Every structure is written in structure tokens, then in C-alpha cells.
Engineer: 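The structure follows.
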Amino acid sequence: MRKVTYRDALREALREEMQRDMSVFLLGEDIGKYWGGAFKVTDGLAQEFGEERVRDTPISESAIVGTAVGAAITGMHPVAEIMFGDLTALAMDQIANQAAKIRYMFGAQAKCPMVVRTPFGAGVNIASHHSQSLEAWFMHVPGLYVAVPSTPFDAKGLLKTAIRGDNPVLFCEHKLLYPVEGEVPQDEYAVPFGLADVKREGSDVTVVATLFMVYKALSAAKELEKDGINVEVVDPRTLTPLDRHGIIRSVKKTGRIVIVTEDCRTAGVSAEIAAVVAEEALDYLDAPVKRVAEPDTPIPFSPPLEQYVIPDEKSIVKAVKEVV
Amino acid sequence: MTTNLTKEKLVEMYRKMIQIRSFEEKLFELYSQNLVPGTIHLYAGEEAVAVGVCSSLRKEDYITSTHRGHGHCIAKGADLKRTMAEILGKKTGYCKGKGGSMHIADFSIGMLGATAVVGAGLPIAVGAGLSVKLRKTDQIVACFFGEGASNQGTFHESLNMASIWKLPVIFVCENNLYAMGTRQSIAMNIENIADRAAAYGIPGVSVDGNDVLAVYEEACKASERARRGEGPTLIECKTYRHRGHSRVDPARYRSKEEVAEWLSKDPIKRFRDKLLRSAVVEGEIQAVEKEVSLQIEEALHFAMESPYPQPGEALEDVYA
């Protein structure tokens, strides 16, 4: 099968959906013909679809998302880009109080079909305002879906589902994933929300990982194989809805779970998954739930400091060995 | 009359204004009897703004509204019964009891809903304007907000965005002088919010917000400009709320003299007098008043008799 980068896979999804549906349009800072997006995801789309549908905006995160909300409830399917995940803080009212609640508080009179794409994640030395992983914030907002694709295949398939759906979606990308290549079919497909994917089958320990941590978990699994430990890597792919059954199915098989996420530990993504397992699968566990996550600090700048806080293969290997 | 309006249109405007006033007075009465859950922000005193603006709109045009939004709904043509039922938390309300006083919407008449986060409706109105532009219809959007909201960052972001994209949005600032208890002079260094339009290179006008025809005239100019694709306008309507900010507020921060002065400029009394000086006779006005009073009683009856939602309905409609 042909190989495509995560960045190109996202662009393919945007292009195909814009070709399919005239109501789909893009807006965001520097996404147009002069820059093509800070991470080049939208590169070339303005030339292809024109500046009306690939719209450069002022630096106004709140109005970017609010504009998407207003357009979505009046018949359009906007895809907004927030240049860095950290900057969603500036648009939080429009995401959490407006987009996510409009359907509910107006008694289902409206739909708010919109996507906010944004890159999270540390590892490129850009410090505290451009490196966080804030997915858990959005898991705490009923009315919002949260997608976390780790592969080019999932990125394209989930983005298509996000754009075609009738609900607001916070589409979390990871800045280290953009150049990563993977198999993506030529033919049309979509990846449904709420369906975890087993990225590696195993029988001894379940490692649930998201975004860039999926790759670290896979590499740790390879390492652990040498010691005869057979790791299953499960990627939830969407955090809302969360595939509880998929995670529990794996835990029933292995009896052990390590959760690896890049956000900070307290009240993070891993905490929710741990709670699900504790509530629904405690009897199947042969060891306590383990979490590998960032310590509760902002992301520091200096390379040794930054590398220290990001979960690595070594900490995953160590955590797995503690539960087997 | 300064404007060239038919008698029917004038009477219709008067009808809408007294519908709002009577609706709000009825709600106030219900409040005193503890029949309304939560809080309410009454629109009484500001009727000329909503009615003046909405009378310049078509049914398919959009509005966005605020926590003080009953007047906007009624002026845009919302059903009194379903509005009242929503405020009482009933299943038959516009939002099936999920929204209440601060979140009424009627998408069938372009009323895109009231947001209770001050200033949050402005970017949504911009989005509706962008949607109109992309869909190439000739709809326009009227965005209501208070002078307090004009201090929010969303005001700047929205007026800027609407101006660069020449979107068909009328930004209607209802300047009632107080953001809760904070007098305008404490919160900003200017007297006219309309002056802020200059920062976006768009027209800004201050108008007597208690004169429905003056508001209507400015709204018509802004609507025409918007429909011609020339972009947004900021209209500041100077007005006054007759009661406090919300249920619990006796409004002691306003002097008796100030209140008396504004009550003497009551927009409904002024318009009524004006109508009587033109082609409308007392009997016709009284007939409208009687009719509205019956409509309010009907709305109240409908709302009171309607059932509450089943508790389990709280779990419905989170997602489409």
C-alpha cells in the first residue's frame, strides 16, 4: 500500500471533504496561500479552493472558533485551525460554553457541525506556551467529541468522520507526528469514533497509549519482547467517545494495564482510563493499574529538562516490568 | 412621523413593544409569587431597541441575543407561549426546559439563541454573517449586546473580523448605562460606544434608544448597507432598564432622579403619544392593548398548564 505522511493524510481528508461538500471551509491563522499553515497541513489548499474557503484570519482565537460556531449553526461545516493546542485556552469559552452546549441548551433545535484542529505535544524545544497536551480539558466538556489520531491512516479517517458528523469535534494532532509516514489506502474510507485500535497484539500486558506515545509504547514493546514479555498496545483513537469495551476487552485478556499519555498526570487522560478500568474491570486485574504520564509541571524549555518530563520508552519498560 | 411607514407597520411595532412590556411585567409579577425558577433579566424600558432593529429585518435574517433577551425573541417574532413556557422550565418551552430565561432560541425565525456569557454572541454573529456570505444569500445578522460587552475582547475581535470581511452584520449595542451595578464611566473612558467603530473603519452611530423610529431608521440604513455587501455597522442605542439587573437587584446604585428622568422618557409612552398625533386613533391603540393583554394571559395559562420535562430528559440531546 502507498505510504503517506500524517500531514499529507490530513490534507487529503480536508481536500476530499471540500471537494465533496461545498459547505466545508477552513479558517485559521496563516492557513492560506502565504504560509499553508504553521505545520503546512493546509499547504496548497488556498490555491486549489480559493481564499474564501481557505480563509486566513486575524490573530483572534476566540473569534476564529466563535465564527466557526456561528457558521456551523447556520448550515456550514467549518474546520478551524488553532495554530498550537495551548492557544485553545484563548478560545475556551467558544469551545466549551458555546459550541459544545448550543445543541443541548437550545433543546436540540440546532446542530453545531464543526471541527477545531490543533497540534499538541512537546519535544521540539518551544517551551511552556507551545508544548502542552491538554486533551483532558476537552474530555471534561459534554457535547464535544475529542479525536486523538496517532497514524496517518487514523488521521485521515477520523478527520473525515469529524467533518461529516453533526457535532463539534476537538481534533488533537501531535506536532511530532506530522512527518511520520504510514500506509493510507487510495480508496475512500473513514474511521468511526469510539472504536479503539489494537496497534500491536499481545497477551501479557495491555498498554493504552495515545498520539505520539503510541510509537513509544510500540518501541517499548519491542524491547520487552526480548525479556519474553508480550505487550498489547491499544490506541483509543477518540477520547470522547471512549471505547471502554475495547480497553476492557484487552484487560480481560492480559490482566494488566499500563496507561501512557503525554499530558500531566493529575486529572489527566490516564486518570479517566484508570477509573474506567477500576470501575468495570477490577476483577480481571492481576496487578494495580500503572500510569506513565508527565509530571505535574509546565513544559520546560532546555532540552534536558524537556526530555526529562516527557514519558519515554525507558519509563514505559519500567512500568510494564512492575506489573508483570 | 419622520419615517415613511404604513399605519399597519406602525401599529405592528407598537404591538411588539407592548407585548414585550406586558410579558416582562407579567414575569415580574410571577416572580414575586416565586413561580419562576432561577433568575430573570427584564427587558422593560429597552423595547424600542429590539423592536426598532427587528422591524428592519426579514424573517429569514438572523439575530443573536443576550442574557437580557426576552425582548429580542418577541421582537423577532417568537411565540409568547413557548417563550413563557421555557422561562418557567416547562417541556413545551422553546428549549424543552433546558435553556430557561437566558438561553431562548427559535431557529425557525432566525433567532440563533441567547448566550449568557457577556460578549460571547458577537463572534457567533460574525460566523452567521460569514455563512451568509459563503452561501451567497442576502440575509443579514443583527447582533445584540450591552455596553458592558463592548469591553470584552470578543467585541474587538468580532468587529475587526466583520469589518475586514465586509460581513452583513449589524452590531447593536444596548447602552443602558450599567453593567450590573458598574456605571459606564467607571468601566470606560468614552461616552459613546459608537466611537469605537472608528477603530474598525466602519460606520458608528449613537441613537436615542428610547425612540423606536429613530432606532428603526438607523437599523434600516445599516441593513441596506449590509445587504449591499458593504459590511457591518455599529449602532449604539442609549437606553435604560426600568428595573434592576436581575431578580435580586433593587438597583440602589441608580439615583431616584436618574430613574425618574428615564421613566419620563419611557419608549412606549413616547411612541403611543406619537401614534396618537398621527393617523392612529385612541380606540385602535386600545384594541391592540387589549388583544396583547389577552395574549399574555394565554401565554401564562399555556406555560402554567404545561408539564415539566421528565427528569431523565436531562440526558438527552447532548450530541446530535
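Every chain is numbered from 1 and lettered A, B, ... according to where its sequence line falls, protein lines coming before strand lines. Given the structure is predicted, the values throughout are model-derived calculations rather than measurements.
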Engineer: For a quick test of reading the model, state the closest non-hydrogen atom pair linking A/Ser62 to B/Pro123 and the distance between them.
Structural biologist: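 Smallest interatomic distance, heavy atoms only, reads O-CB, 4.2 Å.
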Engineer: Is B/Leu130 close to chain A through its backbone or its side chain, or both, or neither, when contacts mean heavy atoms under 4.5 Å?
Structural biologist: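 Contact with chain A involves the side chain of B/Leu130 alone.
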Engineer: For chain B, which candidate among A/Asp93, A/Asp166, A/Leu90 shows the most heavy-atom pairs at distances under 4.5 Å?
Structural biologist: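 It is A/Asp93.
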Engineer: Answer yes or no: is there a side-chain heavy-atom contact under 4.5 Å between B/Val132 and A/Thr74?
Structural biologist: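 The answer is no, as the side chains (C-beta and beyond) never meet within the 4.5 Å cut-off.
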Engineer: Can you give me the closest heavy-atom contact between B/Glu157 and A/Glu61, atom names plus distance?
Structural biologist: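 Where B/Glu157 meets A/Glu61 most closely, the heavy atoms are OE1-N, 4.0 Å.
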Engineer: For chain A, which candidate among B/Gly127, B/Ser158, B/Gly121 shows the most heavy-atom pairs at distances under 4.5 Å?
Structural biologist: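 Most heavy-atom pairs under 4.5 Å with chain A: B/Gly127.
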Engineer: For B/Met161 and A/Ser60, work out which heavy atoms get closest and say how close.
Structural biologist: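 For B/Met161 and A/Ser60, the tightest heavy-atom pair comes out as CE-CB, 4.1 Å.
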Engineer: Among A/Lys101, A/Met22, A/Glu52, which has the most heavy-atom pairs under 4.5 Å with chain B?
Structural biologist: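 With the most close heavy-atom pairs to chain B, the winner is A/Glu52.
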Engineer: Please check if the side chain of B/Ser131 supplies one atom and the backbone of A/Met76 the other of a donor-acceptor pair under 3.5 Å.
Structural biologist: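 No: the side chain of B/Ser131 does not pair with the backbone of A/Met76.
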Engineer: What class does the angle between the rings of A/Phe106 and B/Phe107 fall in, given that below 30° is parallel, 30 to 60° is tilted and above 60° is perpendicular?
Structural biologist: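 Taking B/Phe107 first and then A/Phe106, their aromatic rings sit tilted (interplane angle of 30° to 60°).
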Engineer: Nearest heavy-atom pair of B/Ile164 and A/Pro58: which atoms, and what distance?
Structural biologist: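 So the two residues come closest at CD1-CG, 3.6 Å.
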Engineer: Checking A/Leu144 against chain B: side chain, backbone, both or neither under 4.5 Å from a heavy atom?
Structural biologist: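 Backbone only.
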Engineer: Tell me whether the count of non-hydrogen atoms from other residues, nucleotides or ligands lying under 6.0 Å of CD in A/Glu188 goes above 12.
Structural biologist: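 Check passes, neighbour count above 12.
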Engineer: Measure B/Glu316 against the heavy atoms of chain A and call it side chain, backbone, both or neither at under 4.5 Å.
Structural biologist: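 It is the backbone, since no side chain atom gets that close.
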Engineer: So which heavy atom on B/Leu134 is nearest to which on A/Arg55, and how close?
Structural biologist: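 Scanning both residues, the minimum pair turns out to be CD2-NH2, 4.0 Å.
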Engineer: Tell me, side chain or backbone of A/Ser23 under 4.5 Å from chain B's heavy atoms, or both, or neither?
Structural biologist: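 Answer is neither: A/Ser23 stays 4.5 Å or more from chain B.
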Engineer: How long is the straight-line distance from CG of A/Asn97 back to OG1 of B/Thr115, given to the nearest 0.5 Å?
Structural biologist: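 Rounded to the nearest 0.5 Å, the OG1-CG separation comes out at 7.5 Å.
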Engineer: Evaluate the side-chain contact (heavy atoms from CB on, under 4.5 Å) criterion for residues A/Gln94 and B/Ile124: first the C-alpha distance (whole Å), next the side-chain angles of each, then the deciding distance (0.1 Å), finally the verdict.
Structural biologist: CA-CA 9 Å; A/Gln94 290 296 332; B/Ile124 296 175; 3.6 Å; yes
Engineer: Checking A/Tyr104 side chain against B/Val318 main chain: does a donor-acceptor pair fall under 3.5 Å?
Structural biologist: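 The answer is no, because no donor-acceptor pair under 3.5 Å joins these two groups.
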Engineer: Can you confirm whether B/Lys133 is buried at NZ, in the sense that more than 12 heavy atoms of other residues, nucleotides or ligands lie under 6.0 Å from that atom?
Structural biologist: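 More than 12 within 6.0 Å, yes.
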Engineer: Are there more than 12 heavy atoms of other residues, nucleotides or ligands under 6.0 Å from atom CD1 of A/Ile59?
Structural biologist: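 Atom CD1 in A/Ile59 is not crowded, with 12 or fewer foreign heavy atoms closer than 6.0 Å.
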Engineer: A/Tyr145 versus chain B, heavy atoms under 4.5 Å apart: side chain, backbone, both or neither?
Structural biologist: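 Contact with chain B: backbone and side chain both.
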Engineer: Is B/Tyr62 close to A/Ile73 at the side-chain level, that is, under 4.5 Å between some pair of heavy atoms?
Structural biologist: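 With C-beta onward as the side chain, the pair stays apart.
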Engineer: Report the distance from atom CE of A/Met105 to atom NE2 of B/His103, rounding to the nearest 0.5 Å.
Structural biologist: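 Here the rounded value is 5.0 Å.
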Engineer: Do you know which of B/Gly99, B/Ala320, B/Gly153 has the most heavy-atom pairs with chain A at a distance under 4.5 angstrom?
Structural biologist: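 Option with the greatest count: B/Ala320.
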Engineer: What are the two closest heavy atoms between B/Trp165 and A/Thr57, and how far apart are they?
Structural biologist: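 Minimum heavy-atom contact is CH2-CG2, 3.8 Å.
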Engineer: Using non-hydrogen atoms only, which part of B/Leu167 is less than 4.5 Å away from chain A: side chain, backbone, both, or neither?
Structural biologist: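 B/Leu167 has no heavy atom closer than 4.5 Å to chain A.
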Engineer: For the side chain of A/Gln109 and the backbone of B/Cys95, is there at least one donor-acceptor N/O pair under 3.5 Å apart?
Structural biologist: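 A pair under 3.5 Å: no.
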Engineer: Which atoms of B/Ala120 come close to chain A, meaning under 4.5 Å heavy atom to heavy atom: side chain ones, backbone ones, both, or neither?
Structural biologist: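 Answer is both: backbone and side chain atoms of B/Ala120 are under 4.5 Å from chain A.
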Engineer: So which part of B/Ala114 gets closer than 4.5 Å to some heavy atom of chain A, the side chain, the backbone, both or neither?
Structural biologist: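 The backbone, not the side chain.
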